[in-house]
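Notes follow once the structure below has been shown.
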Amino acid sequence: MCRLTVVLSRVTMQEVTATSRHYVDRLFHPDPQKVLQGVIDMKNAVIGNNKQKANLIVLGAVPRLLYLLQQGLSSSELRTECVVVLGSLAMGTENNIKSLVDCHIIPALLQGLVCPDLVFIEACLRCLRTVFISPVTPVQLLYTDPTVIPHLMSLLSRSPRTQDYITQIFSHCCKSPEHQTVLFNHGAIQNIAPMLISLSYKVRMQALKCFSVLAYENTQVSMTLVNGKTTFPFYFSLPASLSLPFLSLPPSLFLFSPCLPLSSFSLPTLPCLVRMCSKERLLEERVEGAETLAYLMEPDVELQRIASVTDHLVAMLADYFKYPSSVSAITDIKRVRHWTVVIEPSQAVLQGRENSDHQENTETLDHDLKHAHELRQAAFKLYASLGSNDEDIRKKITETENMMDRIVSGLSESSIKVRLAAVRCLHSLSRSVQQLRTSFHDHAVWKPLMKLLQNAPDEVLVMASSTLCNLLLEFSPSKEPILESGVVELLCSLTQSDSPALRVNGIWALMNMAFQADQKVKGEIVRALGTEQLFRLLSDPDTNVLMKTLGLLRNLLSTRPHIDQIMSSHGKQIMQAVTLILEGEHSIEVKEQTLCILANIADGNTAKELIMTNDDILQKIKYYMGHSNAKLQLAATFCISNLIWNEEGSCQERQDKLRELGFVDILHKLTQALDPNLCERAKTAMQHYLA
């Protein structure tokens, strides 16, 4: 039974109009023909109208439609139209999907697949496709009944539509190695391979997408696809037999297991992938081309440079943002260009195969709104990859028509995927010192970024906080206004996250903020973070968190007045933390950072006494001066060099004590060290003794 209380709580409260009530009331009419006409009218009323969809869900249309769908007495036509309306409702918001899933739409549609009527089967599959591609749908529902996957495999050969919808369902529901194994063991490769030579472009592309998901980081599937006789013969027959527009290796293959050499696919297919991004291509193809290029180029600087000068790619991507994102705009364009037929409520009922075409037309607006989001998402992703390394490419991107304004707008998009892609693009561009000083400052990008950080999913928070780290570098003009916005509390809260990535970014941003900061800023950081949390981070199991915390502490303990002030308040705890790290099983890099902190403490006027009166710490410094690693030796030597510095009158007592402990002998040996930096530092320290 559908949980209406859950449905009601998940739908935003809106005005429930009398018209919406009328549509639902007609579903209960005793005359089957009037019920059918009511369902058809409802179908036409919800096209591209999210408010109407929400109203109908609140009023209980879903349970009644599911009842009519599952009634054996309902005509095939009525059952099909019910599925069409449910599919259109699923095209609305994520709350709509949650409501449909709560009403058990998936089991009802899966049960409908045993019907012999092909048109009805296609309608059920289309609706299942729409439900399963939503990120809020639990994909495990596809695998609950072990008979479902084999039955779907058997339906693949029924028609091009069943092939299209089923492969999309598989692609979106294959989220783990376990899912890959289930589909692989039920013959997914053998059943989908013939689709590679389908006359339908959509079917061919969906087959490739499905293979990409099946093969992603899966050696068994990847090797079967590459070496098997059931797949590549189909693919390599494409150019000769069908003269397809896209004749290079499919983008899907780039997502194969790492056991396959990526470089062998990338360069030869790059021009083809760039051409897929041109405005003459289908929307789906433009999205696929851009996202595949973004994936390929991310680790490869040379590919980024080649792609950036191929067919004016950077400028070409600007067209991705010009596709309209409102229902009215899309409708106007389609009316002019005759891209599709706008179905009016007064039109007659279509029968048989025509009815299936009608259903696809009613969903076109919803699909086009989705494509508008996907185009922007793909463009942001590709810009992010293109600009991840090369300064000239970043400059070219930011000088593209209204690019910075588009990124700023993208940060507040309704689609979470677009927001994430926009902030990824911003992060990529933020690696440029020039852009931080110019474009980022001119467009005040820190403002929408700060707003995004207030309430976002972890995946967005990770990228946004990583971008903020760059905006807080000392040469960034955005640093000062960000500091004044009260960001310290926000960053300190990130350091308490369960996510290691968020903890790293929170402490990293604080570290950048503390670099060459005045005492007021440093004091604010220490107060907001709190000594308890600071020392908790110094024992964090994640090495990256520990390294950034040591970096923060090192930046806080810079300039003598700051060193002395902080050590006078927290010296005991800091020395305890330093001791624990130097005694623990940590990497060379961690211990080097810790010794550098000791060197900073040794540079303080009064703080150095915390070292001089701690024989345990002195022995540890002595140990690391004789270590086999030159980096640790150098950092430890810096400590001693600062302790014996003779610019003030009290150095003689320290020098005498260090001589008694054998440090002079060690320094003398280090003057003969092979490492030039270590040798020079030891000679400098010895000169202070001789002065």
Side-chain angles (χ1 to χ4, degrees), residues 43 69 76 79-91 97 100-101 105-135 137 139 141-143 145 147-175 179 182-183 186-189 191-196 198-214 252 282-284 287-288 352-364 366-368 370-371 374:
K43 172 182 69 178
L69 163 65
S76 178
R79 297 171 70 199
T80 300
E81 292 293 350
C82 287
V83 178
V84 173
V85 175
L86 290 167
S88 189
L89 294 178
M91 283 285 186
I97 295 287
L100 292 169
V101 172
I105 187 176
I106 292 176
L109 293 172
L110 290 174
Q111 184 60 37
L113 297 180
V114 301
C115 173
D117 184 352
L118 180 58
V119 174
F120 179 66
I121 289 174
E122 290 174 349
C124 289
L125 287 171
R126 186 181 301 109
C127 188
L128 281 167
R129 180 274 317 270
T130 304
V131 173
F132 274 121
I133 64 177
S134 170
T137 302
V139 298
L141 292 173
L142 186 68
Y143 303 94
D145 183 345
T147 65
V148 168
I149 300 299
H151 186 60
L152 289 173
M153 294 292 179
S154 70
L155 293 174
L156 272 171
S157 60
R158 293 291 298 274
S159 74
R161 285 188 173 91
T162 63
Q163 293 175 331
D164 181 14
Y165 304 142
I166 291 172
T167 48
Q168 287 191 63
I169 291 169
F170 286 163
S171 296
H172 286 279
C173 292
C174 188
K175 302 291 187 183
H179 296 159
V182 169
L183 295 172
H186 281 96
I189 293 179
N191 285 290
I192 295 173
M195 294 165 54
L196 294 173
S198 169
L199 295 176
S200 166
Y201 174 83
K202 287 178 63 178
V203 169
R204 295 195 301 272
M205 288 303 295
Q206 292 305 331
L208 292 172
K209 289 179 185 177
C210 193
F211 279 158
S212 75
V213 176
L214 285 168
S252 316
L282 296 174
L283 298 183
E284 296 93 330
V287 170
E288 282 295 318
R353 176 59 63 189
E354 293 178 355
N355 186 53
S356 186
D357 294 334
H358 181 187
Q359 178 178 351
E360 291 187 343
N361 284 328
T362 63
E363 294 178 349
T364 301
D366 292 309
H367 274 301
D368 287 337
K370 175 172 172 283
H371 284 313
E374 289 181 342

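Basis for what follows: all heavy atoms, side chains included, without hydrogens, waters or symmetry-related copies. Count residues from 1 along the sequence.
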With the side chain counted from C-beta on, respond yes when [X] and [Y] share a heavy-atom pair under 4.5 Å apart, and no when they do not.
X      : Y      : answer
Phe170 : Val213 : no
Ile121 : Ser159 : no
Leu152 : Leu125 : yes
Ser200 : Asp164 : no
Ser154 : His151 : yes
Ile106 : Thr137 : yes

Run through Asn191, Ile192, Ile166, Val148 and flag the one making a side chain to side chain contact (heavy atoms under 4.5 Å, CB included) with Met153.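 Single side chain to side chain contact (heavy atoms under 4.5 Å, CB included) partner of Met153 among Asn191, Ile192, Ile166, Val148: Asn191.
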
Does Thr167 reach the main-chain N or O of Cys210 with its side chain, forming a donor-acceptor pair under 3.5 Å?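 The answer is no, because no donor-acceptor pair under 3.5 Å joins these two groups.
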
Under the 3.5 angstrom rule, does the side chain of Arg204 hit a backbone N or O of Leu196 as a donor-acceptor pair?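 Checked: no pair found.
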
Taking every non-hydrogen atom, the tightest pair across [X] and [Y]:
X      : Y      : result
Leu156 : Gln163 : O-CG, 2.7 Å
Arg158 : Pro116 : NH2-O, 3.6 Å
His172 : Phe132 : CB-O, 3.9 Å

Using a strict 4.0 Å threshold on nitrogen-to-oxygen distance, state whether Glu288 and Lys209 make a salt bridge.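 Salt bridge flag = yes for Lys209 with Glu288.
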
